[in-house]
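Small disclaimer: the values here were computed from a predicted structure and weren't measured. Values below: every heavy atom of this structure, side chains too, minus hydrogens, waters and symmetry copies.
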Amino acid sequence: MTLVTNAKNTYESKGLREDLANVIYNISPTDTPGLSSFGRASAKATTFEWQTDTLRTAISTNAQLEGDAITSYDSRAASVRVGNYAQISRVLVSVSGTVEQVDKAGRSSEMAFQMAKASKELKRDIEKNIFENIAGNAGGATTARTTATLGAWLKSNTDKSATASADPTYTTGGLPGTSGQTYGRSDGT
């Protein structure tokens, strides 16, 4: 097929408007199954604590004589007080007044768009942290507090490195400000 002589075509035309969809497709995964499946509570201090307890090992030799006199009682273990640190995480967003006012494709407000994106990024950061092996840290004036993550609380059924000879343990501690308060792993990792 031959182009008609002197026919104007799009290849040489100037000032054609673009065909830009008025939607933005986010192609990053945003599912956070760990974060979504865990319960939530509000912390009222930089350290939050709870107690754990365990049952004794089950035994198969617990048959007793009928009418047997009780002369002693089984020892009972006390509950264990453990805790963690409240970590501060953030994603910073800033937009100029001009970009908020100009005509944009795919969004009416640049600030709202960036805040929604930052919220998803923060959720993914928290999800990643949950499954890392990070010990808790009380922090200080020049060090940020860190929450002891799930890997720091595992006590058994772990895949140890070639240099680790035992399952990790967490260290219990006293109230904030007392000695011995370290939360999370105490095996040096």
_Candidate pair Ser28 and Arg124, rule side-chain contact (heavy atoms from CB on, under 4.5 Å), full reasoning_ = CA-CA 10 Å; Ser28 298; Arg124 288 185 351 155; 3.7 Å; yes
*For Leu35 and Arg40, what are the C-alpha separation, side-chain angles and deciding distance, and is it a side-chain contact (heavy atoms from CB on, under 4.5 Å)?*
CA-CA 9 Å; Leu35 181 62; Arg40 289 177 172 75; 3.8 Å; yes
*Let me see the working for Trp50 and Val82 under side-chain contact (heavy atoms from CB on, under 4.5 Å), right down to the final yes or no.*
CA-CA 6 Å; Trp50 62 96; Val82 295; 3.3 Å; yes
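A 4.5 Å side-chain heavy-atom check between Asp31 and Pro33 finds at least one atom pair inside the cut-off. Contact annotation: the side chain of Thr143 approaches that of Asn137 to within less than 4.5 Å [non-hydrogen atoms, C-beta and beyond]. Asn84 has its side chain within reach of Phe48: a pair of non-hydrogen atoms, C-beta onward, lies under 4.5 Å apart. Looking at Lys128 and Asp125, their side chains never come closer than 4.5 Å, going by heavy atoms from C-beta outward. Within the 4.5 Å cutoff, the side chain of Phe113 has no heavy atoms near those of the Val95 side chain.
Hydrophobic clustering (side-chain heavy atoms under 4.5 Å, transitive across Ile, Leu, Val, Met, Phe, Trp, Tyr) keeps Leu150 apart from Ile134.
Between Thr32 atom OG1 and Lys123 atom NZ the span is 4.0 Å, to the nearest 0.5 Å. Going from atom CE of Met111 over to atom CD of Glu100 covers 7.0 Å, rounded to the nearest 0.5 Å. Within the model, atoms CD1 of Ile88 and OG1 of Thr147 stand 10.0 Å from one another, a figure rounded to the nearest 0.5 Å.
Looking only at distances, a side-chain donor or acceptor of Arg107 sits under 3.5 Å from a matching main-chain atom of Ala105. For Ser79 (side chain) and Asp53 (main-chain N/O), no donor-acceptor pair under 3.5 Å exists by modelled atom type. The closest donor-acceptor contact from the side chain of Gln114 to the backbone of Ser94 lies at 3.5 Å or more, if one exists at all. Lys8 places no side-chain N or O within 3.5 Å of a backbone atom of Ser13 that could act as its donor or acceptor partner.
Both tests do not hold together for Arg145 against Tyr85: distance to the six-membered ring centre under 6.0 Å, angle to the ring axis within 45°.
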